Every structure is written in structure tokens, then in C-alpha cells.
Number of protein chains: 2
Amino acid sequence: MEEIDRRIVALLAHDGRMSFTDLARETGLSVSAVHQRVRRLEKRGVIRGYAAIVNHDAIGLPLTAFVSIKPIDPAAPDDAPDRLAHLTAIEACHSVAGDESYILKVRVASPVALEDLLQQIRASAHVSTRTTVVLSTPYEHRAPVVAGEPVSGQESHD
Amino acid sequence: MEEIDRRIVALLAHDGRMSFTDLARETGLSVSAVHQRVRRLEKRGVIRGYAAIVNHDAIGLPLTAFVSIKPIDPAAPDDAPDRLAHLTAIEACHSVAGDESYILKVRVASPVALEDLLQQIRASAHVSTRTTVVLSTPYEHRAPVVAGEPVSGQESHD
DNA sequence: CTTGAAAACTTGTGTTC
DNA sequence: GAACACAAGTTTTCAAG
């Protein structure tokens, strides 16, 4: 992927509704050229989609938590992600290295709803859980630096 | 916030570039009415913004990790989020309950870049770190259920 | 990648309930 | 106060060079 594509991705990561006209101005390309590139980035899966960034407090899901899970029976086939997919309170599921096997990010309405969710997780995936409650979120959803922008903390020093 | 607003938020969380025309069709309102509602949701901060969902493998940041941090000196003033904000590899920073004080989500290019980032985190915020590397991500960025849609795992059973 | 033109979308105004 | 209809100005989209 080259410079202009990276620029386009960076711009859309920052403002997912930016118009092709503005993208064209920012990149110095014609509108049609940007349009073509964006469609190609979408088709190649570099851009997976677009989403509104929602204030969870405002939509009745003010409680966020990270739930680490570990299989009760380590010998059983591990299909936890599939077994948990129907629980819409789970925003993300990451397979991780370390003591536990997955980290889930969940959003719920209240402590009671969290308790309820944890029971459903344990029952659905036959796992034990360890929960870390989020108290506040200083920042989140920061757009990635796609190289070409000023970089911090990830240069290689060959 | 009432039914139609919740519907609009859910639709935009699922497809952040959906047109007002389509939102109007989905909600049964006129185009102008939806337009007005979306602008109000943005102004009230219910919708914080819009972002492209990016494939991090494709943009040269294939390594994701969760970094839990703990102050070296628990008595010192806690301004870790501010001190870390310049590190663009940090996508999110959550203050959490538990043994550690923050959980960071980071995206880097390689194990070496992660090592480098961890040193910068420790130096910038005067903290110790505990890192959990993400091996794979079965799902992420799932849109929230804004109530009114079929719900799973977060009902209240009064 | 560019031009160019048709179709669709955004966004304001004025009106109605 | 909220929704609708209409219309001007933009933007999206696609074909052809």
C-alpha cells in the first residue's frame, strides 16, 4: 500500500463521513480517483466498514468491563467465540497469550446486568471469568497512525 | 432518548456512512426529519463522531496488546493518561478497578516496536507494565444494542 | 488518472400539524 | 416542538478516453 492510500485511510479513520470531495482536496487527486481508491481499499478489506462512535452513557450502557475467560476443561474443544457471539453485550473478543484464553470487552446497563451477563458467559462457553470494571475512559478509538504521519513510539531503529 | 433516536443510533453504529435517505426509509420519517435528529444527536454528544474501521494487518500494525500499568510511586499525582497521550500507538486508555490503575490497548508493527513502546510508556508515566499479547481477534467493534432491538444478556429482571 | 454527465444525496426554507 | 414537502446546490457514481 502506498502513500496516498495510507493518507486516505488515515483521513477516513479520523472522519468516517468525510466526503470524496474533501478527500480529493486533501490528497490532491481528482474526486473520481479518490473514489476509485476508496472502493478498492474497501474491496481489499483494508477498510472493513464505517461506524458511528457512540456515547455509551447516553444510550443506557454506562458500565464497561473487561472479562478474561479460561476454559473449565482445558481438554475440551475451544469454540468460546462462537458460543458467545449471541451475547450482544460483548463488543469484542480477543484471543490472548497468557494465563487466560480470551479477553472480552463488554458494555452493560448496570452492575446487575453485568452479573447476569457473567452467568450467561460462564454457562454458554463453560468457562471461568475474571472481570475488571472500567471506572472511566480518558480516551478511546484513537485513529491509527498509518505511516507518513508524525509517528510516536513505533519506529524501528535498525 | 426515545425509540426513533435509538433506531438511528443503532443504524449509524452499524453503518456510519448510511445516507439520510436510507435512514429515512428505515425509520419511516421524512429525510428532513432524520437529518434534524442526527444533527441533534451529534450536538448532544450521543454520536461522538464517525470512523472507518481499519484492518490493522493491512496498514502495518499487525500486533495488538493490552498493557496494564501501575504507578511506581502510588503517592505521586496520577496524570498517566496525559503523559501517555502523545504515544499514538495507544488506541485506548481505560481507568480500571483492581490491582492496576489503567488498561491500555496498543497497536504496533512488531515485537521490537512493542518493546520500544513499553519502555516509552514506563519512562513517560513512571509506571510498571504488564502486557497481554493478542493472538487473534474473532470479533471487535460490534455495534451496541441500543434497546428496542432484540436484546441478549443485559435485560433487567425486576 | 481524468473528464463529464446523470442520478442521488444534503441541507435550507417555508408550511402544517 | 416536530415533521413534512419542495428545491437549489453538492456529491456520488459510472462510463469512456
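Computed from a prediction, not measured in an experiment: that's the story for all the values here. Residue numbering restarts at 1 for every chain, and letters A, B, ... go by the order of the sequence lines.
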Is it the case that B:Arg107 places NZ or CZ above or below the six-membered ring of B:Phe66, under 6.0 angstrom from the centre and within 45 degrees of the axis?
no
Mind calculating the distance between [atom1] ([X]) and [atom2] ([N]) to the nearest angstrom?
X: A:Phe20; N: C:dA7; atom1: CZ; atom2: C1'; answer: 15 Å
X: B:Leu23; N: C:dA8; atom1: CG; atom2: P; answer: 18 Å
X: B:Arg40; N: C:dT11; atom1: CZ; atom2: C1'; answer: 17 Å
X: A:Ile4; N: C:dC1; atom1: CD1; atom2: P; answer: 7 Å
X: B:Ile8; N: D:dA2; atom1: CD1; atom2: C1'; answer: 12 Å

Check the pair A:Glu42 / B:Arg17 against salt bridge (charged side-chain N to carboxylate O under 4.0 Å, His left out), numbers first and verdict last.
CA-CA 13 Å; A:Glu42 289 169 357; B:Arg17 276 184 91 94; 5.6 Å; no
Axis-to-axis angle across the helix from C:dC1-D:dG17 to C:dC17-D:dG1, five pairs each end, nearest 10 degrees, ~ 30°
Which is more 5' along DNA chain C, the nucleotide nearest A:Arg17 or the one nearest A:Leu29? Just name the residue.
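Between the two, 5'-proximity favours A:Leu29.
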Any salt bridge linking A:Lys105 with A:Glu140? Criterion: basic side-chain nitrogen under 4.0 Å from a carboxylate oxygen.
yes
Can you tell whether the side chains of A:Glu2 and A:Arg7 come within less than 4.0 Å, N to carboxylate O?
no
Apply salt bridge (charged side-chain N to carboxylate O under 4.0 Å, His left out) to the pair B:Arg142 and A:Glu91, showing each step before the final yes or no.
CA-CA 5 Å; B:Arg142 301 210 305 178; A:Glu91 183 181 297; over 6 Å; no
Could you walk me through whether A:Lys70 and A:Asp99 pass the side chain to side chain contact (heavy atoms under 4.5 Å, CB included) check?
CA-CA 8 Å; A:Lys70 192 173 359 183; A:Asp99 195 36; 3.3 Å; yes
Please collect all side chain to side chain donor-acceptor pair (under 3.5 Å) contacts where either partner lies in residues 75-84 of chain B, sequence neighbours excluded, each pair once.
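Counting only pairs at least two positions apart or across chains, the side chain to side chain donor-acceptor pair (under 3.5 Å) contacts touching residues 75-84 of chain B are B:Asp78-B:Tyr102, B:Asp79-B:Arg83.
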Has B:His14 got more than 12 heavy atoms of other residues, nucleotides or ligands less than 6.0 Å from its NE2?
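No, not enclosed.
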Which parts of residues 30-39 of chain B get close to DNA chain C, meaning a heavy atom less than 4.0 angstrom away?
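Those residues are B:Val31, B:Ser32, B:His35, B:Arg39.
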